[in-house]
Amino acid sequence: MQTDTATKTTAEQRRAFYERMAPHHLAPLWEVLRGLITPEPRSDCRAALWRYDEVRPFLLESAEIISAREAERRVLVLENPGLPGQSRITTSLYAGLQLIMPGEVAPAHRHAQSALRFIVEGSGGFTAVDGEKTYMSPGDFVITPSWTWHDHGHEGEGPMIWLDGLDIPLVRALDCSFAEGYGEAAHPLTRPAGDSLARFGSGLLPVDYEPVSRTSPVFNYPYSRTREALEVMRRSKEWDPCHGLKVQYVNPASGDYAMPTIGAFMQLLPRGFGSEPYRSTDATVYSVVEGSGRTMIGEEILAWGPRDILVVPSWTRHWHQADTDAVLFSFSDRPVQKKLGLWREDRGNH
Ligand code: GTQ
C-alpha cells in the first residue's frame with residue numbers, strides 16, 4: 001500500500017518535472033530510450049506485394065486523367081501499407097510505377113535524389129540523361145544520377161511502363177533536397193545514343209579516366225546482356241543456398257555499387273529451387289522479371305509472377321521457391337548501410 005502510494009507520488013512528481021522542462025525543449029531520455037535504441041530493427045515497414053495485373057489498369061486510367069507533361073512525372077506511388085501517406089516503399093526508399101504514352105514527354109528537370117528505372121513493359125520509350133538518350137526495353141536497369149538533367153519520351157507504340165526507385169526518404173531524412181526544372185521539355189542532346197555503354201560498359205575505360213561522379217558512368221545496363229551473363233554463369237551450377245545465382249550492378253570505374261545510395265541486384269532461381277532462410281538489414285524491393293514462385297516472409301506467403309513487385313522489410317527472415325526458372329531484380333539501401341558500417345546479414349535459422 002505504502003509502496004503504491006510512493007510509486008504514484010514518484011510518477012506524479014516525474015510528470016510534473018517533465019512538464020516544467022518541456023517549454024525549454026528538454027525531455028527525459030529514460031522515458032524513450034528503449035524505443036530509440038532497440039535490440040533489433042523495429043520498423044513500421046511491412047511485407048507487401050503489388051500484382052501487376054491489379055496495378056496496370058489504374059496506371060492506364062491515370063493517362064485519361066492527366067498528361068505526362070502536366071503531371072511532370074505520371075507515377076503511381078507504391079506505398080508501403082505500414083507507412084501510408086509517406087511516399088515510401090521502405091523506410092529509406094521510394095518506389096513508383098511511371099507511365100508514358102506514345103508522343104508524350106516528361107519534361108527535363110534535375111534533383112539531388114538519385115533515381116533508378118527498371119523497365120517493366122513497352123519499347124520505344126527513352127530517357128535522356130545529361131545530353132544522351134537511351135532507349136529502354138523490359139528488364140533494362142537505367143540510372144539517373146543525382147543532379148543530372150533528365151527527361152523521358154516515347155517514340156514507339158503502346159504504353160511504356162517502368163518501376164522508379166529513388167532515395168527520396170533518405171534525402172529527406174538528411175534534409176538535402178534540391179530540385180529545378182530546365183524550362184523546356186528536353187535538354188539538348190550532346191552525345192549519340194549508346195555512347196556511355198560503349199565507352200564505359202565494354203570492359204574498357206577511356207585512357208587515364210578519372211571518375212567525375214560517385215555514380216556509374218554507364219546509365220543503361222541492358223537486360224539482354226545481364227540475362228546472357230546469368231545464362232552462361234548457371235552452367236557452373238554454383239548456386240548460393242540463399243540467393244541462387246545473384247549479381248550486383250557495378251560502377252565499372254570504381255568497382256563500387258552502380259549508385260551511391262541504392263544497390264541493385266539481379267538473381268536467377270532455377271526451376272524447383274527453394275532457398276534457405278535469409279535476412280539482412282536492408283529492406284529490399286523485388287521486381288519479378290521472369291517466372292513464378294513465392295516468397296515466404298514470416299507468416300506470410302507472397303505468390304508472384306512476371307512484373308509483380310514485392311517488398312521484404314529489414315531484418316525479416318524470408319525464403320523463395322521458384323516453380324519455373326525465375327529472374328528477380330531487386331534494390332535496397334545496402335550501399336549506404338555498408339559505407340556506414342551498419343549492414344548485417346544472417347543466413348539460416350539461427
Ligand atoms: O522520373 O524524374 O517516380 O523526379 C519520382 C520523382 C520519378 C523522375 C519519380 C521523379 C521521377
Side-chain angles (χ1 to χ4, degrees), residues 92-93 108-119 126-137 139-152 162-168 170-171 174 176 178 187-230 232-233 243 245-267 282 284-285 329-343:
S92 61
L93 297 176
H109 70 191
R110 63 178 178 176
H111 37 71
Q113 290 81 358
S114 296
L116 69 81
R117 332 275 172 197
F118 187 69
I119 316 313
F126 66 85
T127 189
V129 174
D130 264 350
E132 182 182 333
K133 248 184 191 181
T134 188
Y135 289 89
M136 304 184 288
S137 298
D140 291 357
F141 167 62
V142 176
I143 302 173
T144 311
S146 173
W147 210 240
T148 53
W149 293 111
H150 55 286
D151 50 87
H152 315 300
W162 63 81
L163 175 66
D164 281 323
L166 285 88
D167 52 11
I168 293 171
L170 189 62
V171 170
L174 300 172
C176 48
F178 291 90
H187 183 272
L189 296 170
T190 53
R191 275 185 302 279
D195 187 76
S196 295
L197 186 59
R199 207 172 285 273
F200 303 102
S202 309
L204 305 166
L205 288 176
V207 67
D208 297 331
Y209 178 71
E210 295 288 345
V212 292
S213 153
R214 289 178 193 273
T215 305
S216 173
V218 176
F219 72 102
N220 188 346
Y221 295 71
Y223 187 56
S224 54
R225 287 198 187 182
T226 309
R227 190 68 184 87
E228 171 64 15
L230 290 172
V232 174
M233 284 187 276
H243 305 309
L245 173 55
K246 187 167 182 176
V247 292
Q248 59 194 36
Y249 288 90
V250 66
N251 175 344
S254 68
D256 205 342
Y257 291 97
M259 304 168 69
T261 51
I262 308 180
F265 310 86
M266 192 72 97
Q267 76 197 94
D282 51 325
T284 301
V285 180
F329 171 81
S330 58
F331 68 91
S332 75
D333 63 10
R334 189 174 300 186
V336 178
Q337 294 199 22
K338 282 201 165 175
K339 287 224 169 52
L340 301 180
L342 292 168
W343 186 74

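Hydrogens, waters and symmetry mates play no part in the numbers below; they use all other heavy atoms, side chains included.
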Novice: Which residues pass the ring-ring contact (aromatic ring centres under 6.0 Å, His included) test with Tyr223, not counting sequence neighbours?
Specialist: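 Not a single residue meets the ring-ring contact (aromatic ring centres under 6.0 Å, His included) criterion with Tyr223.
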Novice: Only one of Tyr221, Phe331, Phe219 passes ring-ring contact (aromatic ring centres under 6.0 Å, His included) with Phe141; say which it is.
Specialist: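 Single pass found, and it is Tyr221.
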Novice: If every non-hydrogen atom of Pro222 is compared with every non-hydrogen atom of Asp140, which pair is closest and at what distance?
Specialist: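 Minimum heavy-atom contact is CA-OD1, 3.3 Å.
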Novice: Side chains of Trp162 and Asp164 only: does a donor on one sit below 3.5 Å from an acceptor on the other?
Specialist: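 Yes, a side-chain donor-acceptor pair sits under 3.5 Å.
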Novice: Taking only residues at least two apart or on different chains, which pairs with a member in residues 196-214 satisfy salt bridge (Lys or Arg N to Asp or Glu O under 4.0 Å)?
Specialist: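 Of all non-adjacent pairs touching residues 196-214, those that pass salt bridge (Lys or Arg N to Asp or Glu O under 4.0 Å) are Asp195-Arg199.
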Novice: Side chains of Leu189 and Lys133: does their closest heavy-atom pair fall under 4.5 Å?
Specialist: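 They are in side-chain contact.
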Novice: Testing the basics here: between Arg191 and Asp130, what is the closest heavy-atom pair and its distance to 0.1 Å?
Specialist: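 Result for this residue pair: NH2-O, 3.0 Å.
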Novice: Taking Asp282's backbone N and O only, do any of them form a donor-acceptor pair with Thr284's side chain (distance below 3.5 Å, no angle check)?
Specialist: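 Side chain of Thr284 to backbone of Asp282, a donor-acceptor pair under 3.5 Å: yes, one is there.
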Novice: Using every non-hydrogen atom in the two residues, find where Ser92 and Asp333 come nearest and quote the distance to one decimal.
Specialist: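 Looking at all heavy atoms of both residues, the closest pair is OG-OD2, 2.7 Å.
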Novice: Distance check, rounded to the nearest 0.5 Å: Asn220 atom CG versus Leu197 atom CG?
Specialist: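 CG of Leu197 is found 7.0 Å from CG of Asn220.
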Novice: Are any non-hydrogen side-chain atoms of Thr215 and Ser146 less than 4.5 angstrom apart?
Specialist: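 No, too far: nothing below the 4.5 Å cut-off.
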Novice: So Pro252 and Pro217, do their side chains get closer than 4.5 Å, heavy atoms only?
Specialist: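 Yes, close enough: below the 4.5 Å cut-off.
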Novice: With no hydrogens and no angle check, just 3.5 Å: does a side-chain donor-acceptor pair link His109 and His111?
Specialist: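 Yes, a side-chain donor-acceptor pair sits under 3.5 Å.
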Novice: Show every ring-ring contact (aromatic ring centres under 6.0 Å, His included) that has at least one partner inside residues 190-216, sequence neighbours left out.
Specialist: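 Qualifying pairs: Phe200-Tyr209.
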Novice: Calculate, to the nearest 0.5 Å, the distance between atoms CD and OG1 belonging to Glu132 and Thr127 respectively.
Specialist: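 The OG1 atom of Thr127 is 11.0 Å from CD of Glu132, to the nearest 0.5 Å.
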Novice: Could you measure the distance from the CD atom of Gln113 to the CH2 atom of Trp147? Nearest 0.5 Å is fine.
Specialist: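 Going from the CD atom of Gln113 to the CH2 atom of Trp147 covers 9.5 Å.
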Novice: Between Phe126 and Met136, does the side chain to side chain contact (heavy atoms under 4.5 Å, CB included) criterion hold? Intermediate values first, please.
Specialist: CA-CA 6 Å; Phe126 66 85; Met136 304 184 288; 5.5 Å; no
Novice: Taking all non-hydrogen atoms of both residues, which atom of Ser137 and which atom of Ile119 are closest, and how far apart?
Specialist: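 The pair with the smallest heavy-atom distance is O-CB, 3.1 Å.
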Novice: Can you name the residues that form a side-chain hydrogen bond (donor to acceptor under 3.5 Å, both in side chains) with Thr148, not counting sequence neighbours?
Specialist: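 In terms of side-chain hydrogen bond (donor to acceptor under 3.5 Å, both in side chains), with neighbours along the sequence ignored, Thr148 is linked to no residue.
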Novice: Please enumerate all residues that pass salt bridge (charged side-chain N to carboxylate O under 4.0 Å, His left out) together with Lys339, with sequence neighbours excluded.
Specialist: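 Partners of Lys339 by the salt bridge (charged side-chain N to carboxylate O under 4.0 Å, His left out) criterion, ordered by chain and then number, come out as Asp256.
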Novice: First locate atom CE of Met266, then atom CD of Gln248, and finally report the distance between them rounded to the nearest 0.5 Å.
Specialist: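 With rounding to 0.5 Å, CE (Met266) is 13.5 Å from CD (Gln248).
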Novice: Please tell me if the side chains of Leu93 and Leu166 come closer than 4.5 Å, counting only heavy atoms from C-beta onward.
Specialist: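 They are not in contact (no side-chain heavy atoms under 4.5 Å apart), so the answer is no.
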Novice: Scan residues 246-255 for pairs that pass salt bridge (Lys or Arg N to Asp or Glu O under 4.0 Å), counting only residues two or more places apart or in two chains.
Specialist: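 Checked against salt bridge (Lys or Arg N to Asp or Glu O under 4.0 Å) - neighbours excluded - no pair reaches residues 246-255.
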Novice: Do Asp167 and Ser114 come close enough that some side-chain heavy atom pair is under 4.5 Å?
Specialist: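 Yes, at least one pair of side-chain atoms sits under 4.5 Å.
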Novice: At what distance, to the nearest 0.5 angstrom, does CD1 of Ile143 lie from CD1 of Ile262?
Specialist: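 Separation between the atoms: 9.5 Å.
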Novice: Search all heavy atoms of Ala198 against all heavy atoms of Ser202 and return the closest pair with its distance.
Specialist: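 Smallest heavy-atom distance, with atoms named: O-OG, 3.0 Å.
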Novice: Could you tell me if the side chain of Phe178 sits less than 4.5 Å from the side chain of Val171, heavy atoms only?
Specialist: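 Sidechains of Phe178 and Val171: no contact.
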Novice: Indicate, with yes or no, if the rings of Tyr257 and Tyr249 have centres closer together than 6.0 Å.
Specialist: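 That pair fails the under 6.0 Å test.
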Novice: Centroid separation under 6.0 Å, is that true for the rings of Phe118 and Phe329?
Specialist: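 Ring-ring flag for Phe329/Phe118: true, centres closer than 6.0 Å.
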Novice: Can you tell me how far apart CE (Met259) and CG (Asn251) are? Round to the nearest 0.5 Å.
Specialist: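 Reported value, rounded in 0.5 Å steps: 11.5 Å.
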Novice: Compute whether any side-chain donor of one residue and acceptor of the other, for Thr144 and His150, lie under 3.5 angstrom apart.
Specialist: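 Side chains of Thr144 and His150: no pair found under 3.5 Å.
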